[in-house]
Amino acid sequence: MRRRIKEIVVEAVEVLYGQKIDTDIVQVQRTRKVFTGDLTIVVFPFVKIARKKPEDVANDLGLYLKNKLDHISSYNVIKGFLNLTFNSEYWLERLNLLHRDFTGSLTLQNPEKVMVEFSSPNTNKPLHLGHIRNNLIGDSVSRILKAAGHEVVRVNLVNDRGIHICKSMQAYLDFDPNGSPEKAGMKGDKYVGDLYVKFDLQYKGQIADLVESGMSEEDAKQKASIMQAAKNMLQKWEAGDPEVHALWEKMNNWVYAGFDKTYAQLGISFDQVYHESETYKSGREIVLDGLKRDVFYKRDDGSIWADLTDDKLDEKIVLRADGTSLYMTQDIGTAVARFENYQLDRHIYVVGNEQIYHFQVLRLILSKLGYAWADKIQHMSYGMVELPEGKMKSREGKVVDADDLIEEMINNSAEMSRELGKLGDMLESEQQNVHRMIGLGALKYFILKVDPKKQMVFNPKESIDFNGHTGPFIQYTHARIRSVVRKAKKMNISVPPMISEDTIMNEKELDLIKTIDQFELVLQEAAQLLDPGMIANYAYELAKDFNHYYHDYSILKAQDGKILQFRLFLADQVSRNLKYAMALLGIDVPEKM
RNA sequence: GGUCUAGUAGCUCAGUUGGAUUAGAGCAACGGCCUUCUAAGCCGUAGGUCCCAGGUUCGAGCCCUGGCUGGAUCACCA
């Protein structure tokens, strides 16, 4: 409809004022609530062309549009704003159409193939709140892009090698050589994470002792025996030592088993999981080739560098003197492999904003190497989650653990549910399922409603709310509607397949239809801007509008059968939209709560 | 020091191609509404120099310039 209006405005300006304008300068927006109308055209841009007063231009256009479009019932002009009002037949037609055809997804003429990389944990510590934000954003963005019509490949790149895992391995040998998660009664990732903390404690103790005996701190950090042992282990790993590899595999598998539980709890999955141990050598050939083509240069010590000073990105090492790869080398290699293997149109990396520089460099290097798709790499950076006292530090145990937080949310939701006591007639397992849905819904919504690029502060002492602008509020609205639909069924009234277009509506019903109609637009925008927050806010608006309506009008006690059917139909569509919107955030909605 | 990013009510946040007297929600505070479709709801009261100063224009919370404050980054770690 908007596009149609824009076209007609362009036409009108040409006919009335004799000048051809670009569609893009026509501004069509939803009319503000304080004014009457549905869509508003801003006429200021045409005032100079018409050489008339804004009011006159608006009136000219209004008349022209009204004659061209059947659906416009009236228009009014305030200053330079032309407000168009559509007749109720138009809105009822839209509602019927959406109810019949809309399934929560759109189709695109030119869908892109998009890879989304997210999660990407280290295997030496359990997932914490920061990872939850990453996972939820990555998951939601993937869902949104898919719903917007794109083809999405979700991937996870696990950092399973390096000095950090060797530290946990060394601590294992030193402190609990015959231990296992089973014996300790822990999740595997927790068990390995604890070893990492033990390593750090021991390491700090050794440094302190060495400094005590007169060594400089710098030296002490190098000479501490446990650190030397860990470095030694890394060398053995790189050399392919079978014993070290066996231990490495055993411990990583413990961690994966733990991660899998957390992912399952969060409802997150991947199409493909990569491991750095398999990819960390890649990119070397590409860099060497780039060196031949003078994209890079070699220093006297044999290391290879990219000179990015022209782009204010300094100089960056891309290959060590001994020929081994770095983080950057590996990312160059994997990007090339992925674009070539998957024929990607776009690659989104969901990674914290601390790595903005890294991705700028990556993109620039790829473009210097001549890859046409370099600008199709998109770093979706998000802000860190901080505690009131500052950054989370897993080494010092100052973290909000992912599993603990999820469990607490579910417990809180269960407690609240029991107090309200509305699920008495459900099986225990069904009740638990609802508690889970709501606890997770509260957590996910809490995180996703915030603009991803902003850093957020989480105070563990103040638990996440279940009232107000929250996930459960929306879930509750959905459950309420489903309850009404169930009651109707008992009265032998089912939701009609469509409603007649001459139904008389009140203002709130009209508003609801308009909000329902917004969904596609919001979805498109959210997909374009990669912002789950827009979806979250949309769902909230819709739920709030419905709750007002629900409060003011009774559905099942409507004056006559025709109105009852219409209201049921409308409510049903609201519940569907809420369900679709929440699904884009990875949140399930219950039938009862 | 360079680069990037944020600053809106006591707290957490909306406010996107710059739009229309009165800048919106929620939480917290105070006061109302359950013999009526689910009160995890609804209504009301109170709460603001949109960090500051200039500029751009018909119009700025939004754009530009300069400052202030917080965060990130500028590693042969990933």
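Chain letters run A, B, ... following the sequence lines, proteins first, then strands; residues in each count from 1.
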(message) Please report the distance, rounded to the nearest Å, between NZ in Lys557(A) and P in U36(B).
(response) 8 Å
(message) Taking any heavy-atom pair under 4.0 Å as a contact, classify Asn83(A): base, sugar-phosphate, or nothing.
(response) base
(request) Assess whether atom NZ of Lys281(A) is packed by more than 12 heavy atoms of other residues, nucleotides or ligands within 6.0 Å. (result) no
(request) Would you tell me if any nitrogen or oxygen in the side chain of His548(A) comes within less than 4.0 Å of OP1 or OP2 on C43(B)? (result) yes
(message) Show the nearest heavy-atom pair for residues Gln518(A) and Tyr538(A), with the distance to one decimal.
(response) CB-CE1, 3.9 Å
(message) Can you confirm whether Lys449(A) is buried at NZ, in the sense that more than 12 heavy atoms of other residues, nucleotides or ligands lie under 6.0 Å from that atom?
(response) yes
(request) For Ile163(A), answer base if it contacts any base atom (sugar-phosphate contacts may also be present), sugar-phosphate if it contacts only those atoms, and nothing otherwise; contact means non-hydrogen atoms under 4.0 Å. (result) nothing
(message) I'd like to check, for Phe473(A), whether its ring lies over the base of G41(B) with centroids under 5.5 Å apart and a plane angle smaller than 30°.
(response) no
(request) Please check the phosphate of A40(B) (OP1 and OP2 only) for any side-chain N or O of Tyr476(A) closer than 4.0 Å. (result) yes
(request) Provide, to the nearest angstrom, the distance between the CG atom belonging to Asn459(A) and the C1' atom belonging to C11(B). (result) 10 Å
(message) When you measure from the side-chain N and O atoms of Lys487(A) to the phosphate of U38(B), is any distance below 4.0 Å, counting only OP1 and OP2?
(response) yes
(message) Over all strands shown, is Phe458(A) touching base, sugar-phosphate only, or nothing at heavy-atom distances under 4.0 angstrom?
(response) nothing
(request) Searching all strands shown, indicate the nucleotide that pairs with G44(B) (Watson-Crick or G-U wobble; both distances under 3.5 Å). (result) C30(B)
(message) Which nucleotide wins on minimum distance to the side chain of Lys454(A), given the candidates U8(B), C37(B), C42(B)?
(response) U8(B)
(request) Examine A39(B): is either OP1 or OP2 under 4.0 Å from a nitrogen or oxygen in the side chain of Arg480(A)? Give yes or no. (result) yes
(message) Checking one value: the base orientation of C34(B), syn if chi is within 90 degrees of 0, otherwise anti.
(response) syn
(message) Whole angstroms only, please: what is the CD-C1' distance between Gln330(A) and A75(B)?
(response) 17 Å
(request) Figure out the CD/P separation between Gln355(A) and U5(B), and round it to whole Å. (result) 17 Å
(message) At less than 3.5 Å, do the side-chain atoms of Lys453(A) and the base atoms of U5(B) form a donor-acceptor pair?
(response) no
(request) Side chain of Leu529(A) only, please: which of U16(B), C27(B), U38(B) is the nearest? (result) U16(B)
(request) Return the 5'-most residue of the pair Ser483(A), Ile317(A) with respect to RNA chain B, ranking by each residue's nearest nucleotide. (result) Ser483(A)
(request) Scan every strand shown for a Watson-Crick or G-U wobble partner of G18(B), both distances under 3.5 Å, and answer none if you come up empty. (result) none
(message) Would you measure the distance from the C1' atom in A53(B) across to the matching atom in A60(B) and give it in whole Å?
(response) 15 Å
(message) What contact category does Lys544(A) fall into here, base, sugar-phosphate, or nothing, at under 4.0 angstrom with non-hydrogen atoms?
(response) sugar-phosphate
(message) Can you work out whether Thr31(A) or Gln455(A) has the more 5'-proximal nearest nucleotide on RNA chain B?
(response) Thr31(A)
(message) Is it the case that C13(B) (base atoms only) and Asp451(A) (side chain only) share a donor and an acceptor within less than 3.5 Å, ignoring hydrogens and angles?
(response) no
(request) For G41(B) and A25(B), measure between their C1' atoms and round to the nearest Å. (result) 16 Å
(message) Using atom C1' in both nucleotides, what's the gap between G67(B) and U21(B) to the nearest angstrom?
(response) 33 Å
(request) Please measure how far the P atom in G47(B) lies from the corresponding atom in G10(B), and state the result in whole Å. (result) 11 Å
(request) State whether the side chain of Asp311(A) and the backbone N or O of Leu313(A) hold a donor-acceptor pair below 3.5 Å, judged by distance alone. (result) no
(request) Give Glu591(A) one of three labels, base, sugar-phosphate or nothing, depending on what nucleic acid heavy atoms sit under 4.0 Å from its own. (result) base
(request) Provide the Watson-Crick or G-U wobble partner of A39(B), both distances under 3.5 Å; none if there is no partner. (result) none
(message) Is a donor from one side chain sitting under 3.5 angstrom from an acceptor on the other, for Asp511(A) and His548(A)?
(response) no
(request) Between U8(B) and C52(B), how far apart are the C1' atoms? Round to whole Å, please. (result) 15 Å
(request) Could you give the distance separating U73(B) and C63(B) at their P atoms, to the nearest angstrom? (result) 25 Å
(message) Tell me whether the side-chain N/O atoms of Asn547(A) come closer than 4.0 Å to OP1 or OP2 in C42(B).
(response) yes
(request) Round to the nearest Å and state the distance from Asn353(A) atom CG to U5(B) atom C1'. (result) 7 Å
(message) Strictly by Watson-Crick or wobble contacts shorter than 3.5 Å, is anything paired with C63(B), and which nucleotide is it?
(response) G55(B)
(request) Hunt down the Watson-Crick or G-U wobble partner of U73(B), both distances under 3.5 Å, from any strand shown, or write none. (result) G2(B)
(request) Quickly work out the Ile356(A) CD1 to C4(B) P distance and round it to whole Å. (result) 10 Å
(request) Return yes if the base of A20(B) and the side-chain atoms of Thr40(A) contain a donor-acceptor N/O pair under 3.5 Å, otherwise no. (result) yes
(request) Evaluate side chain to side chain contact (heavy atoms under 4.5 Å, CB included) for Leu157(A) paired with Glu278(A), printing each intermediate quantity in order. (result) CA-CA 10 Å; Leu157(A) 175 58; Glu278(A) 295 150 5; over 6 Å; no
(message) Taking only the P atom of each, what is the distance from G26(B) to C58(B) in whole angstrom?
(response) 38 Å
(request) Report the relative orientation of the aromatic rings in Phe473(A) and Tyr540(A); use parallel for angles under 30°, tilted for 30 to 60°, perpendicular for over 60°. (result) tilted
(message) Ring centroids only, cut at 6.0 angstrom: are Tyr256(A) and His275(A) within range, meaning strictly under it?
(response) yes
(request) Measure from the side-chain N and O atoms of Ser325(A) to the backbone N and O of Tyr280(A), and report whether any donor-acceptor pair falls under 3.5 Å. (result) yes
(request) Please state the C1' separation for the pair G15(B) and G24(B) - nearest whole angstrom. (result) 7 Å
(message) Less than 4.0 angstrom between a side-chain N/O of Arg30(A) and OP1 or OP2 of U16(B), yes or no?
(response) no
(message) Side chain of Glu354(A), heavy atoms from C-beta onward: which of A20(B), U73(B), C76(B) has the nearest atom to it?
(response) U73(B)
(request) Could you tell me whether Phe81(A) contacts a base, only the sugar-phosphate backbone, or nothing, with contacts defined as non-hydrogen atoms closer than 4.0 Å? (result) base
(request) Measure the distance between the ring centre of Phe44(A) and the centre of the six-membered base ring of G19(B), then answer whether it is under 5.5 Å with planes under 30°. (result) yes
(request) Compare the minimum distances between each of C37(B), A40(B), C27(B) and the side chain of Ile555(A), then state the nucleotide with the smallest one. (result) C37(B)
